[in-house]
Amino acid sequence: MNFGPFHYFIFYIFFQQLTNHICDTIPQLRNKLQGQLLLLEKDVGEYKNVSADDPARKTKALLMMVQQFSENFDRILVGSGDKVDTSELSSGAMINRIFHVQFPFEIVKMEYDERRLRREISITIKNALGVRVGLFTPDMAFEAITKKQISRLKEPALKCVDLVISELNNIIRQCGEKMTQYPRLREETERIISQHVREREQRTKDHVHLLFNVQLAYMNTNNEDFIGFANAQNKANRRTGEKKSVGNQVIFKGWMSLHNISFMKGGSRDYWFVLTAENFMWFKDEEEKEKKFYLPLEGLMLRDVEQGFMSKKHAFALFNPDHRNVYKDYKQLELSCESEDASYRWKASFLRAGVYPERNQDDDDHIPAHDIDSNDPVLERQVETIRNLVDSYTAIVSKQVRDIVPKTIMCLMIKDTKEFIKSDLLAYLYSSADQNDLMEESADEANRREEMIRMYHATKDALKIIGDISMKTKATPMPPRVDNDNLIKPFTNGASTGPPQGRKPPPRPTAHAAPRSVPARPDLPNRPAPGVPRRPDNKGVPAVPTRPR
């Protein structure tokens with residue numbers, strides 16, 4: 001194919017436009033690649049110039065992994081650091097909730113029931129006197145009942161230790177996720193720390209047992225907070241005293257779901273609830289302008305409610321022990337929370353307001369009626385005296401248990417584990433396995449590292465090529481654009497076919513004008529066709545020449 005000057009001109013214009021486009025695009029592409037190179041340098045910087053099997057690199061990586069594990073463990077427990085999770089509670093916050101919300105709630109659940117306590121005191125006084133008629137209140141009844149109540153507090157204390165152990169294991173698992181590139185190191189680290197936590201768990205539980213043995217060994221009735229025998233008869237009811245001390249102030253507010261809105265099972269609606277020391281009310285929203293209901297708390301108790309299999313809410317109910325209606329025609333007011341943490345906070349708030357959880361009455365039927373009922377006024381006064389003394393002394397021990405058990409767990413378990421990770425974990429790792437086995441990378445990590453190095457070098461090569469192009473390429477200004485609208489307009493669809501402006505249109509023929517005659521085609525000249533040339537008649541066909549003899 002032959003190219004003329006016009007084709008070479010088109011090639012020149014096209015090359016000029018392509019060069020200008022490259023000059024305009026290169027700065028943006030260079031900035032993007034430079035940003036990508038900076039990100040890759042942070043990840044590749046530690047091993048881009050070092051071999052993967054270098055012992056020095058493995059030692060440095062081991063030290064960094066152990067130090068990072070210790071820092072993450074401390075950050076989750078204490079809550080320090082720049083990165084704070086905003087979606088869910090951390091394990092450190094969960095331990096705080098166990099100490100100050102769940103553990104006190106479990107202690108109150110284990111406290112005595114008033115009616116059952118009086119029965120036990122009455123039977124104990126009768127058994128202490130035997131056949132004798134006592135003139136004074138026996139001390140043995142007070143000591144026996146008080147020791148029994150103190151022993152019941154051991155179960156929530158041991159449960160608190162188990163809950164904290166569970167959260168510590170969650171922290172170890174979370175910190176171990178940072179070691180995924182070294183699976184053997186992660187496995188060995190979690191094994192060593194979990195074994196240490198189990199050892200501290202047994203020591204902590206032994207200390208809790210010792211704490212209760214100390215409490216049961218000696219009944220210090222000279223404690224300054226103990227009511228004493230002289231004031232036992234004048235002591236007011238503990239629950240009433242707590243209500244008066246709190247007053248009618250607001251204890252807690254929050255959203256909950258109310259299930260008693262229709263007779264159909266499963267219906268619920270969210271309201272804004274407000275709990276005070278004397279009543280419980282709910283509103284349409286947080287503005288507290290439209291009040292839906294007002295419920296006095298006097299005589300109410302609290303029980304857990306089982307939800308359906310597919311339900312994720314945590315439900316409980318307020319009810320009256322006398323089987324009276326609580327809300328409209330309902331015997332109990334069913335409420336639910338979105339999370340277990342919110343449920344425990346509401347239950348702890350109801351405890352502050354004097355609404356106690358339901359007691360287990362299974363053992364009431366095993367007590368004969370003749371051992372309970374008594375019309376003896378002397379025995380009734382003795383029961384009341386012992387009951388107030390037990391109440392006073394148990395409150396002292398409960399206060400000490402709520403204070404000393406979290407401190408014991410923090411000292412013997414959490415703080416000790418944190419010091420073990422910081423000081424002794426590295427030595428245990430060196431003694432448990434070979435360094436090369438511990439620092440063996442996983443296949444996925446090795447592939448990721450090789451791919452990252454390849455991308456790093458490819459990005460550097462691309463930047464070098466772009467730099468060379470930028471230095472050798474110069475933009476050329478393009479010629480001005482040709483305005484060819486008038487040339488294209490007659491050929492476009494819907495364009496006007498009239499004459500251009502400034503020219504008069506030709507006159508149109510009238511109705512009476514004669515039609516224009518079309519000139520006829522001139523006739524072609526009548527020429528005869530040329531004939532075929534002939535040979536002369538007097539001459540025949542020439543003879544074929546012969547070979548000379």
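In this chain, numbering begins with 1 at the start of the sequence shown.
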Lys/Arg N to Asp/Glu carboxylate O, E288 vs K253, below 4.0 Å: yes

Do Y428 and F420 have their ring centres less than 6.0 Å from each other? yes

With ring pair (Phe, Tyr, Trp, His ring centres under 6.0 Å) as the test, pick out the partner of W255 among F273, Y271, W272. W272

Test Q215 against every option in K154, Q400, K147 by the side chain to side chain donor-acceptor pair (under 3.5 Å) rule and name the one that passes. Q400

Hey, are K205 and E201 close enough for a salt bridge, meaning a charged N less than 4.0 Å from a carboxylate O? yes

Could you tell me if R402 sits above the aromatic ring of F103, with its cationic atom closer than 6.0 Å to the ring centre and no more than 45 degrees from the axis? no

Is it the case that K347 places NZ or CZ above or below the six-membered ring of Y344, under 6.0 angstrom from the centre and within 45 degrees of the axis? yes

Might you work through the salt bridge (Lys or Arg N to Asp or Glu O under 4.0 Å) test for D403 and K399, ending with a clear yes or no? CA-CA 6 Å; D403 179 69; K399 182 179 179 181; over 6 Å; no

Salt bridge or not between E190 and R173? Use side-chain N to carboxylate O under 4.0 Å. no

L412 CG to K415 NZ distance, which is reported to the nearest 0.5 Å: 10.5 Å

Hey, could you give me the CG/CD distance between L438 and E188, rounded to the nearest 0.5 Å? 6.5 Å

Separation between OG of S268 and CG of L258, rounded to the nearest 0.5 Å: 8.5 Å

